[in-house]
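Quick caveat, the model's predicted, so the values are computed rather than measured. We use all heavy atoms of the structure for the numbers below, so side chains are in, but hydrogens, waters and symmetry mates are not.
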Amino acid sequence: MSTNRRVLGWALTLACVAGAVIALAGIDTPLRIVLTPLFLLVTPGAAVVGLLRDRDPLAALSVGAAASLVVNVLLAVAMLSFDKWSPRAGVATIAVLGGFIYVLRVLYRGSAGLQTEQGARSR
């Protein structure tokens, strides 16, 4: 992985974390308008793309973008249906869902990554 790509990844991660913290803490800042939607749109998509790393990159990005939109729309519809609209609850739900998918990715990659490395060494 190139250095520029790694720096961009960390910058995006920090921006998403800042957006979540700003929304959950209720901080009133002009950055809230940019960082909170960035968190809501990037987190589910990045989590799904992480599960699909062995696939075609364009297909993985397409599925990640679609998954991000679907998760956010379903969450909004559920909150409106139950008459429990709360931006903080929405951000917290997306954070928990993203963390859950990350744990799945670590578990999946942990066993598959070991087999891949062993297979690469034998060749």
[Y] reachable from [X] in the ILVMFWY side-chain graph, under 4.5 Å edges:
X	Y	answer
W85	L40	yes
L51	I94	yes
V48	L41	no
I101	L75	yes
L69	L80	no

Check which hydrophobic residues are tied to [X] through side-chain heavy-atom contacts below 4.5 Å, counting indirect links as well, and list them.
X	answer
L58	none
F82	none
L74	V70
V73	V77

Closest heavy-atom pair, V91 versus A23, reported as atoms and distance to 0.1 Å, is CG2-CB, 3.8 Å
Residues G98 and A47: closest non-hydrogen pair is O-CB, 4.3 Å
Treating S68 as the side-chain partner and P44 as the backbone partner, does any N or O pair qualify as donor plus acceptor under 3.5 Å?
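Such a contact is absent between S68 side chain and P44 backbone.
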Is it true that, when you exclude D28 itself, more than 12 heavy atoms of the residues, nucleotides or ligands shown sit nearer than 6.0 Å to its CG?
no
Without placing hydrogens or testing angles, list every side-chain donor-acceptor pair under 3.5 Å for residues 32-39, not counting sequence neighbours.
{"residue": "R32", "atom": "NH1", "partner": "I27", "partner atom": "O", "Å": "3.4"}
{"residue": "T36", "atom": "OG1", "partner": "G19", "partner atom": "O", "Å": "3.2"}
{"residue": "T36", "atom": "OG1", "partner": "R32", "partner atom": "O", "Å": "3.4"}

Which residues satisfy the side chain to side chain contact (heavy atoms under 4.5 Å, CB included) test with A92, sequence neighbours excluded?
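Scan of A92 (side chain to side chain contact (heavy atoms under 4.5 Å, CB included), adjacent residues dropped) gives L24.
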